[in-house]
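Reading through the C-alpha cells given below for one structure.
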Amino acid sequence: GNPALYRLMFQADKSLLEGDEQQNQASLLGLQMIENGIAEFSPDAGPDAAMAAWSLVHGMSELILSGRIEMPAEKNARRKTVEQILKNLF
C-alpha cells in the first residue's frame, strides 16, 4: 500500500477532480465492486449495505494509517490482521 496515495485520493479537494472522467469511472468501479461482493454473500442487501461496507473499510484504513491500529511489519502478517478485523466486523 501507499499511504500518501490513499490520502491524496480520499482527502484531496474534490473540486480538483471535477470533470476528470477517468477518476469518476474508477470511483464508480470501486463502489460497484463492493456492491457486487455484498450481493454475492447477501443477495437481499440494498445499496445502504455497500455504503456501510465502504465506510467501514475506509475508516479502518484511516485508523491503520494514523497508527491507531498497530500493524505487523511483515506483509502476510498484515494481511492476516486485516482479515481478522474484517471477519470480526461481519
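Here the side chains of Val82 and Ile64 are in contact, with some heavy-atom distance below 4.5 Å.
In this structure, the separation between CG on Leu56 and CD1 on Ile85 is 11.5 Å, given to the nearest 0.5 Å. Here the NZ atom belonging to Lys80 is positioned 8.5 Å from the CD atom belonging to Glu83, to the nearest 0.5 angstrom.
Remark: the backbone N or O of Ile38 is not paired with any side-chain donor or acceptor of Ser42 at under 3.5 angstrom.
When all heavy atoms of Ala53 and Ile34 are compared, the pair lying nearest together is CB-CG2, 4.0 Å.
Leu29 belongs to a hydrophobic cluster whose other members, connected by ILVMFWY side-chain contacts under 4.5 Å either directly or through intermediates, are Met33.
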Which pairs would a plain distance check flag for residues 68-75, meaning a side-chain donor or acceptor within less than 3.5 Å of a matching protein atom at least two apart in sequence or in another chain?
{"unit_1": "Glu74", "atom_1": "OE1", "unit_2": "Asn76", "atom_2": "N", "d": "3.2"}
{"unit_1": "Glu74", "atom_1": "OE1", "unit_2": "Ala77", "atom_2": "N", "d": "2.9"}
{"unit_1": "Glu74", "atom_1": "OE2", "unit_2": "Asn76", "atom_2": "N", "d": "3.2"}

